[in-house]
Every structure is written in structure tokens, then in C-alpha cells.
> 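After the C-alpha cells below, expect a handful of questions from me.
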Amino acid sequence: MPSPTKDMLLDWYRQMVLIREFEETCHQLYQQKRITGVYLHLYSGHEASGVGSMAALRKSDHVITAYRDHGIALILGMDANAVMAEMMGKKTGSSGGKGGSMHLASAAHNFWGGYAIVGGHLPLAAGIALEARYRGKDDVTMTYVGDGATNNGYFHESLNMSAIWDLPVIWIIENNGYGMGTEVSRASGQTELHRKAKAYGIKSFGRVDAQDALAVYKVASKAVEYARDNGPAVIEHVTYRYRGHGVSDKQYDARDDMSAELRQWMDEREPIKILRDHILGKHGDIGDALAEHDEAAKKIVAQAVEFAEASDLPRGRDDLLGNTYVGSQRVYKTPASIGAGID
Amino acid sequence: MAVRNVAMREAIRRALREEMLRDESVFVMGEEVAYWQGTHRVTRGFLEEFGERRVRDTPISEMAIGGVAVGAAMAGLRPVAEFMTINFAFLALDAIVNHAAKVRYFFDGMFKAPLVYRAASGWGNQATASHSHAPEPIFAHFPGIYVGCPSNAMDAYGMLKTAIRDDNPVLFSESIALYPKPGPLPDDDDQDDLLVPIGKGDIKREGNDVTLVAYSRGVDWALQAARALARDGVEAEVVDLRWLRPLDMALVYDSFKKTNRCVIVEESLPMYSFGSEIAALLQENMFDYMDAPIRRVAAEDVPLPYSKEIELLALPNAQKVVDAVKEIL
């Protein structure tokens with residue numbers, strides 16, 4: 001594994017500040033009711049987990065995740081305008097306004113999507129990896145899964161199947177301490193989640209401090225290399241979510257100790273600061289590069305908000321019914337006279 | 001060309017084998033499909049002919065079978081995933097309903113999931129409650145997936161081929177009771193003229209007095225009833241819808257305009273069912289042609305018991321169809 005170059009590190013920084021700016025803007029927009037969905041799960045605090053691990057991939061590899069998917073989309077290079085428009089349910093959104101926050105995807109980036117049922121995307125990941133094996137390609141499928149999902153049947157069945165079929169999946173468990181409001185220790189008999197790999201005969205690459213993009217990258221690189229030639233790998237990323245389970249999370253109102261816990265993570269394990277310190281320590285000659293990325297992120301996100309708000313909403317029954325099927329939409333059609341006044 | 005009688009299971013086997021020969025992206029996966037040669041012998045000989053890459057035994061993991069098929073299909077393969085019985089597909093309901101049927105919609109057309117779930121279905125043989133369902137309407141409830149339910153060998157052959165070639169997910173329900181039933185099928189391979197378009201029903205018997213609407217095993221009961229009714233001078237028309245989604249209602253409406261009476265026959269349970277749906281559509285769209293209440297013949301509204309006599313009592317049969325027709329003449 002090559003050590004990350006200065007340019008790589010700066011690009012990671014660019015990605016991380018873009019995610020943070022995007023997510024914190026989403027949070028504000030939600031507060032202001034300019035984003036109106038009930039589900040909005042932000043990646044703030046998780047940035048190094050996605051950035052460090054996806055840096056180990058090549059273009060032909062695959063990525064799939066759950067509902068905390070904005071950061072993954074931005075790392076892959078999806079257009080921030082289209083992602084923000086999707087948050088607002090606009091026709092210009094990456095899923096035409098039909099998916100919303102939890103269903104971002106981009107076929108062009110081999111990003112197979114964010115999925116909203118806990119664990120539901122895990123067998124899809126195995127299926128995508130099966131296609132690579134079936135065709136004799138050595139592309140891997142990087143799969144993000146939350147700590148909570150490691151307790152459901154999809155996780156068990158998918159990891160087991162990836163093992164017996166030697167599927168090239170890197171199962172990255174993003175352990176942020178909570179499945180919704182339930183601590184890992186109250187939800188899982190095995191609290192070192194990567195150890196679950198052993199039950200299926202899968203190679204575990206252990207637990208990683210996922211606030212440190214470099215540490216994440218080092219382990220992910222090894223796991224990717226292993227998966228290409230052999231089969232599935234498991235990594236546990238220990239991280240923390242800054243904005244709760246989702247924006248409607250009431251945990252911080254209900255529990256006094258949560259704010260202190262959050263404060264401690266932000267003060268001591270802040271992923272952007274950790275990367276910034278590393279860059280400055282190693283490369284003193286970067287001039288204003290970091291500040292330029294900070295500014296650029298602000299500009300990109302402000303522009304995205306402007307674009308999204310100026311975009312049209314999908315309207316009418318053609319937009320409603322479209323893409324239910326490939327080909328003609330042969331679904332029950334409510335008589336046009338009913339609900340006509342609502343359109 | 002020679003036509004001979006083959007069991008429906010053999011027709012399905014031939015269709016599946018021919019599609020695998022025709023298209024290298026088609027593969028089968030499921031419990032006991034390879035080394036065991038298929039629980040219902042539909043994949044008999046496949047492992048030897050196609051090898052482990054394309055004939056994949058799975059662990060007993062229905063959630064994963066359901067979901068792996070979705071991922072593989074999205075990525076460009078054409079999986080034919082078998083649920084040993086449709087009862088086990090309940091374990092995969094989320095993969096089928098929330099993923100197979102929706103990935104196209106919630107990414108607004110970015111992906112497609114060209115897959116087929118094959119499932120052996122039906123009541124009877126003292127299989128007891130948890131192994132006794134004909135729950136096709138549950139799957140047909142959801143937009144985004146098609147549901148095919150053949151009633152005979154030739155339809156099964158043509159429908160499965162269409163289902164495999166279609167770019168949408170299809171749940172293909174095969175009646176266990178009909179597996180051994182012989183029906184005519186031409187000998188030659190690759191009978192493309194036998195392909196049954198998605199959503200195309202078929203008139204299995206013509207008649208002017210009453211329309212019997214059915215699918216799968218219900219068609220047998222409807223045809224038996226029609227023969228019995230004919231002895232009393234009543235000519236029933238039997239409409240085999242073949243697909244529960246999309247529904248060929250035009251075929252039903254044309255028949256109903258002629259007969260003005262309808263009995264719906266199904267192996268499934270009566271509430272929120274195939275019968276409910278057809279009856280609702282008829283009254284919505286054919287009210288002016290309706291001369292009598294619509295009757296439904298379905299299974300009794302209970303879990304199926306083990307003991308033979310009460311098990312049979314719970315199932316539909318031809319006599320129940322005859323009785324229902326006589327009530328509305």
C-alpha cells in the first residue's frame with residue numbers, strides 16, 4: 001500500500017469539509033423547514049470513515065450503503081446540486097425527487113444506492129459482488145453497514161453467503177455507538193462487532209479508529225487487496241454521529257449525558273481536525289490550500305441550495321407513476337375524476 | 001412438429017434450461033437446486049450440464065436469496081431464484097417488496113432488476129398450516145413486480161421464458177398440485193411462438209351463460225365445473241388470467257359483457273384476495289352489464305388443518321364452483 005501523497009491528503013480534506021458543510025447546511029434547512037422529509041440522517045462526525053476507506057477503491061469498484069448516504073454520494077463525486085435537489089424532492093434531484101435523503105445513487109459512479117430498511121442492502125451487496133465473481137472480474141463491493149444492522153437476519157445471511165461463495169465484499173461496520181437510541185452494549189451480545197466475522201469464517205481486519213482518515217485508509221487498503229483475490233473481509237469503524245440518529249432524534253433532549261459525550265468526541269476526536277493537523281505536520285508548504293477548500297465547500301453548497309430551491313417539483317400523474325416498471329406503467333389507475341381537484 | 005404430453009414440471013424445466021442455454025447471464029440459485037437436483041425436480045440435471053457457477057445451492061437463507069437476486073440483477077445478471085415453497089418466501093418479503101419491486105422506482109429509473117423468483121405454491125396433501133398457502137395475491141399487491149401463475153404445461157413454458165427475458169422482477173408461482181399434470185407441448189426446443197406476453201390472459205373454454213375467472217389450479221376447478229354445468233345446459237366461459245399483475249381485465253370485461261354473470265375461483269384465502277380485486281374492478285367498470293351478484297369461491301378462511309377430511313373441506317373444488325354458479329343464474 002502506498003503512503004498517501006500530499007495531493008491525496010488534500011483531496012480527502014476537500015471531501016471532508018464538503019460533507020461537513022453539506023450536512024450542517026441540511027440540518028439548518030431542516031430546521032427552517034426548507035427540507036421537509038421526516039428522515040434525514042447526517043454524516044457529520046463520520047467523514048473519515050467514508051473518505052479514508054473509499055480512497056482505497058478504484059473506479060470500477062462498487063459502493064453501497066444504508067440511509068446515512070449523503071457523505072458517500074459526495075465522496076464518489078456525485079453532483080452536490082443533484083444531491084441537494086433530492087433532499088428537497090425536486091425533479092432535478094439525483095433520483096428525480098422520488099427517493100429523497102435515503103435513496104441517493106449514481107449508476108455512473110457504481111454507487112448502487114442508499115437503502116432505508118436496516119440491513120436490506122446487505123444481500124444486494126452480495127449480489128453485486130456475485131456479478132463480479134460470475135464474470136471473472138476482480139472488482140470489489142465496499143459495503144457500509146451500521147452497528148444496529150449487525151443484529152438482524154440480513155447481516156447474518158449475507159455475510160454467511162459471501163463466505164461460502166467467496167464474494168469480494170468489504171463489509172465495513174460503521175459503529176457509531178448507537179442503533180437509533182440503543183447502545184451497542186444493550187443490543188449486541190458481542191460488542192466488538194468485527195468479531196462477528198469469525199462466526200462465518202470471514203477474515204476480520206479488526207477495529208479501526210475511524211476519526212482518523214489515515215488509519216482508516218491503511219486498513220481499508222489491506223482489506224480491499226485481500227478481497228480482490230480471496231473473498232469477503234470485515235472492518236469495524238469506530239466513529240460517532242454528531243447529529244444523532246436522524247435530525248428528528250430526541251435523544252439529546254431526553255438525556256443530559258449525551259451532550260457531554262458529544263462534546264468530548266468533538267473536542268478530542270474531530271476527524272477534520274485530525275486530518276488537518278496531520279497535513280500541516282507533514283506538509284508545511286501547502287500555503288492557503290486548506291482555507292481554499294473551506295471556502296470552496298461553502299460556495300458549492302450555497303450554490304446547491306440555490307439550484308435546488310429554484311428547481312421544479314415533480315408534478316402530476318406522469319411523474320408520479322413513471323418508472324414503476326421498465327416499459328409501460330401497467331398499474332391500477334385511479335379514475336381521473338377522483339382527486340382531480342388536488343393536482 | 002411432434003406434440004406430446006409432458007408434466008408441467010418438465011415444461012418449466014425445459015423453459016428454464018433453454019433460457020440458460022440462450023443467455024449466459026441467466027443462472028439459478030436456491031435451496032437444493034444443484035446437488036439435490038431440485039426439491040421439485042425442476043432443476044434436474046442442471047448441475048451436470050451448467051456447473052456450480054450457474055447452478056448455485058444456497059444455505060437456508062431466504063432473506064439473502066431474495067436480496068442477492070436483486071443485487072445480481074441490478075448489476076447485470078438474470079437470476080432465477082427458487083423458493084423451495086412459497087411459504088418460505090414470506091421470510092424474504094422485505095427483499096421482494098421493498099427492494100426487488102422498488103429499486104427501479106425510488107431511484108427513478110436508474111436501475112432495473114430483471115429477476116425471477118420461482119416458488120412452489122398451494123394447499124393440500126396434509127402439509128399442514130404453515131406449508132399450505134397460495135398467497136400470490138399478497139405479492140401481486142405491490143406495484144413494481146409482476147406475478148405469473150400458470151395453469152398448465154404449455155402456459156408455464158411460455159410464461160417462464162417471458163418472465164426471464166423481461167426487464168422487470170417477476171414472482172413466478174408454480175402450483176405443486178399441477179407439477180405432475182400432463183399437458184401438450186411441442187417437442188422442439190426454443191418455441192418462441194409459445195411465449196406468453198406479460199399480462200396476457202387466455203380463454204380456456206368459451207360459453208355465453210357465466211364467466212368463471214381463475215388462475216393456476218383454480219382453472220382446473222373452473223373447467224371441471226364448466227363440464228358439469230354443461231350437462232345441465234349451462235355454458236360457462238373460463239378465463240385464465242395467467243398473470244395476477246398486470247391483470248388482463250379487458251379479457252374479463254369482454255367475457256362479462258357477453259355473460260353478465262361472474263364467479264371468481266381461486267385457491268387463495270378469501271379476504272383481500274384475487275376474488276376481491278376482480279369483483280371490485282367488475283363493479284367499478286361493468287356495473288351496467290351486471291345481472292347478478294358476483295360470487296367468489298376461495299379457500300375457507302382458516303389456517304389449513306392436518307386431518308384429511310377437514311383439510312379437503314377447507315379447499316375449493318369444482319362442486320363449490322357449480323354451487324356458486326347455480327346461485328346466480
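Convention: sequence-line order gives letters A, B, ...; per-chain numbering from 1.
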> Is it the side chain or the backbone of A:Ser162 that comes within 4.5 Å of chain B heavy atoms, both, or neither?
neither
> We want to know whether B:Glu266 and B:Ser273 form a side-chain donor-acceptor pair, criterion being a heavy-atom distance below 3.5 angstrom.
yes
> Less than 4.5 Å to any heavy atom of chain B: does that hold for the side chain of A:Leu159, its backbone, both, or neither?
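Neither part; nothing is under 4.5 Å.
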> Under 4.5 Å, heavy atom to heavy atom: which of residues 86-96 of chain B reach chain A? Give them by number, or say none.
B:Asp94, B:Ala95
> Between A:Tyr43 and A:His70, is the gap from one ring center to the other below 6.0 Å?
no
> Answer with side chain, backbone, both or neither: which region of B:Glu24 has an atom nearer than 4.5 Å to a non-hydrogen atom of chain A?
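The answer is both parts of B:Glu24.
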> Measure A:Ile164 against the heavy atoms of chain B and call it side chain, backbone, both or neither at under 4.5 Å.
side chain
> Which of residues 99-109 of chain A have a heavy atom under 4.5 Å from any heavy atom of chain B?
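Result: A:Gly99, A:His103, A:Leu104, A:Ala105, A:Ser106, A:Ala107.
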> Would you tell me whether A:Asn323 and B:Lys112 have side-chain atoms, one donor and one acceptor, within less than 3.5 Å of each other?
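A:Asn323 vs B:Lys112: no donor-acceptor pair found between side chains.
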> Looking only at the side chains, is there a donor atom on one of B:Ser173 and B:Glu136 sitting less than 3.5 Å from an acceptor on the other?
yes
> Give, as side chain, backbone, both or neither, the part of B:Asp57 having an atom under 4.5 angstrom from any heavy atom of chain A.
backbone
> Establish, from distance only, whether the side-chain atoms of A:Lys196 and A:Ser188 form a donor-acceptor pair under 3.5 Å.
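Yes.
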> Side chains of A:Thr324 and B:Arg104 only: does a donor on one sit below 3.5 Å from an acceptor on the other?
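The criterion, which ignores hydrogens and geometry beyond distance, is not satisfied for B:Arg104 and A:Thr324.
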> Under 3.5 Å, is there a donor on one side chain and an acceptor on the other for A:Glu157 and A:Tyr200?
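The answer is no; no qualifying pair exists.
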> Do the numbers put A:Arg330 on top of the ring of A:Tyr325, so that NZ or CZ is under 6.0 Å from the six-membered ring centre and no more than 45° off the axis?
no
> In terms of side-chain heavy atoms, does B:Asp108 have a donor or acceptor partner in A:Ser95 at a distance below 3.5 Å?
no
> Taking the six-membered ring for Trp, is the centroid-to-centroid distance between B:Tyr215 and B:Phe274 below 6.0 Å?
yes
> Can you tell which part of A:Asn110 gets under 4.5 Å to a heavy atom of chain B, answering side chain, backbone, both or neither?
neither
> Between A:Thr141 and chain B, which part of the residue has a heavy atom less than 4.5 Å away: side chain, backbone, both or neither?
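When you check distances to chain B, no heavy atom of A:Thr141 falls under 4.5 Å.
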> Between the side chains of A:Tyr144 and A:Arg68, does any donor sit under 3.5 Å from an acceptor?
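No, no side-chain donor-acceptor pair sits under 3.5 Å.
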> At a 4.5 Å cut-off on heavy atoms, which part of B:Met249 comes close to chain A: side chain, backbone, both, or neither?
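For B:Met249, there is no contact with chain A at all, as no heavy atom is under 4.5 Å.
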> What about A:His245 and A:Tyr67, are their ring centers closer than 6.0 Å?
yes
> Please lay out, stage by stage, how B:Leu115 and B:Val80 fare under the test side chain to side chain contact (heavy atoms under 4.5 Å, CB included).
CA-CA 6 Å; B:Leu115 62 88; B:Val80 179; over 6 Å; no
> Using the benzene-type ring in the case of Trp, are the ring centres of B:Tyr117 and B:Phe83 under 6.0 Å apart?
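Yes, the ring centres sit under 6.0 Å apart.
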> Could you look at B:Phe107 and say if it's the side chain, the backbone, both or neither that has a heavy atom under 4.5 Å from chain A?
both
> Only pairs of heavy atoms separated by less than 4.5 Å count here; which of A:Tyr115, A:Tyr332, A:Trp165 has the most with chain B?
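Option with the greatest count: A:Trp165.
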